[in-house]
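What follows is a single structure, written as structure tokens, with notes after it.
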Amino acid sequence: MPELPEVETVRRVLEKKVLGQTLLSYSLGTPTFYRRPDERFLRSLQGLRVLEISRRGKYLVFNFQSNRSLILHLGMSGRIHFAEDAPQIRAKFHFSKTVVCFQDVRRFGRVMESLPALGPEPLSDDFNADYLASVFKNKKAAVKSVLMDQRAVAGLGNIYATEALYRAQIRPRRKSCRVTFEEIQRIALSAKEVLREAVSCGGTTLPDESYLDPLDRAGSFQNQLKVYGKRICPLGHSVLRTQKMIAGRRAYYCPLCQK
DNA sequence: CAGATAACCTGCGTGC
DNA sequence: TGCACGCAGGTTATCT
């Protein structure tokens with residue numbers, strides 16, 4: 001569930017709450033994540049101070065002294081908070097003054113030692129129409145799946161890829177190699193715009209409230225969604241098409257607004 | 001090899 | 001009431 005804006009919101013809270021503290025110990029839940037964290041690695045971080053908390057795409061990065069880092073990925077249902085008695089806590093990190101709890105109903109979240117290969121940050125200047133054109137070139141895959149490919153650009157998931165393509169007026173199923181440069185410019189700008197707005201809204205909290213920040217605060221970008229989870233286009237009063245694509249992930253688009 | 005699909009999990013809503 | 005089925009913000013292993 002958490003895409004770039006949600007992870008960034010979590011990061012900002014953590015920065016305020018645990019920056020500068022020392023990791024004293026950790027514990028894993030039973031069961032823990034379906035990919036069990038490497039405990040030898042976790043033990044090696046004990047006693048180190050957190051110098052920086054950053055984000056790369058949808059990954060949270062704790063940078064410790066001695067150039068060591070701890071990477072967290074929230075998967076589909078992961079949450080970070082400080083309530084030690086909550087259910088489904090898969091890992092706890094005891095810092096000097098704060099206990100960071102990683103709760104995760106579906107157990108897809110991950111605790112790891114290093115980042116995988118990722119494309120550029122979508123809000124950086126490295127992500128622009130020229131770059132995107134070079135990625136789209138020669139690819140026959142649906143433009144939406146390329147946008148959700150973290151090696152192409154890091155941080156877009158189903159919600160924000162869907163919303164960016166609506167704003168850019170491009171159908172999600174278009175083969176990426178057949179998107180014109182002018183359209184690619186619109187996609188790059190729309191993606192930045194959607195993500196910037198969503199970050200400033202504190203992310204998207206859908207009705208099930210499975211995303212809340214570490215202080216249990218909801219985001220508000222759900223009020224700005226145009227097509228994700230909707231049935232009718234906000235402009236044309238046209239019924240949105242919704243169809244499966246990409247591993248059963250639903251795509252929403254307006255057949256009138258998007259070409 | 002690129003691109004599509006299944007698998008990894010749990011919980012909730014729907015319909016029979 | 002009970003139960004089978006479908007579906008969910010993601011990633012990755014496995015197919016075709």
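Just so it is clear: chains get the letters A, B, ... in the order the sequence lines come, proteins before strands, and each one is counted from 1.
The nearest whole Å value for the distance from the CZ atom in Phe33(A) to the P atom in dT12(C) is 15 Å. The nearest whole Å value for the distance from the CD atom in Glu209(A) to the P atom in dG13(B) is 13 Å. Regarding Met76(A), its CE atom lies at a distance of 13 Å from the P atom of dC7(C), rounded to whole Å. Rounded to an integer number of Å, the gap from Leu72(A) CG to dT11(C) P is 14 Å. Per the geometry, NZ belonging to Lys140(A) stands 14 Å off C1' belonging to dA4(B), to the nearest Å. Computed from coordinates, the Arg250(A) CZ to dA4(B) C1' distance equals 17 Å when rounded to whole Å. Note: OH (Tyr59(A)) to C1' (dT11(C)) measures 7 Å, nearest angstrom. Rounded to whole Å, the distance from CG on Leu4(A) to P on dG10(C) is 12 Å.
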ask   = Would Leu51(A) and Phe62(A) count as a side-chain contact (heavy atoms from CB on, under 4.5 Å) if you check the C-alpha gap in whole Å, the side-chain angles of each, and the deciding distance to 0.1 Å?
value = CA-CA 8 Å; Leu51(A) 302 182; Phe62(A) 289 72; over 6 Å; no
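No side-chain N or O of Asp213(A) forms a donor-acceptor pair with one of Thr9(A) less than 3.5 Å apart.
Heavy atoms of Gln150(A) sit under 4.0 angstrom from primed sugar atoms or phosphate atoms, though from no base atom. Using a 4.0 Å heavy-atom cutoff across all strands shown, Asp208(A) reaches at least one base atom of the nucleic acid. Residue contacts shown for Ser77(A) are absent, as no nucleic acid heavy atom lies under 4.0 Å away. Contacts of Tyr211(A) with the nucleic acid, taken as non-hydrogen atoms under 4.0 Å apart, are absent.
One finds no side-chain N or O of Lys144(A) lying less than 4.0 angstrom from the OP1 or OP2 phosphate oxygen of dA4(B). Between Arg35(A) and the phosphate of dA13(C), there is a side-chain N or O to OP1/OP2 separation shorter than 4.0 Å. In this model, the phosphate group of dT11(C) is approached by a side-chain N or O of Lys58(A) to a distance below 4.0 Å at OP1 or OP2. Taking only side-chain nitrogens and oxygens, His73(A) comes nearer than 4.0 Å to OP1 or OP2 of dT11(C).
Cluster membership for Val111(A) and Leu48(A), using ILVMFWY side-chain heavy atoms within less than 4.5 angstrom, is shared.
Checked against dA4(B), dA8(C), dC8(B), the side chain of Tyr228(A) finds its nearest nucleotide in dA8(C). When distances are taken from the side chain of Met148(A) to each of dG10(C), dT10(B), dC7(C), the shortest belongs to dG10(C). Side chain of Val105(A), nearest nucleotide from dT10(B), dG3(B), dG10(C): dT10(B). Side-chain atoms of Arg249(A) lie closest to dG10(C) of the nucleotides dG10(C), dG11(B), dA4(B).
Judged by distance alone with a 3.5 Å cut-off, a donor-acceptor contact links the side chain of Arg106(A) to the base of dA8(C).
The side-chain ring of Phe108(A) is stacked on the base of dC8(B), judged by centre separation under 5.5 angstrom and plane angle under 30 degrees.
Shown here, dC9(B) forms no base pair; nothing in the strands shown gives a Watson-Crick or G-U wobble contact with both key distances under 3.5 Å.
Using a cutoff of 4.0 Å between basic side-chain nitrogens and carboxylate oxygens, Glu121(A) and Arg56(A) are scored as salt-bridged.
Spacing between dT14(C) and dC9(B) at atom P, rounded to whole Å, works out to 14 Å. A distance of about 16 Å separates the C1' atoms of dG6(C) and dA6(B), rounded to the whole Å.
For the pair Ala141(A) and Arg107(A), both in contact range of DNA chain B, the more 5′-proximal nearest nucleotide belongs to Ala141(A).
A centroid separation of less than 6.0 Å is found between the aromatic rings of Tyr228(A) and Tyr252(A). Taking the six-membered ring where the residue is Trp, the centroids of Phe102(A) and Phe33(A) are separated by under 6.0 Å.
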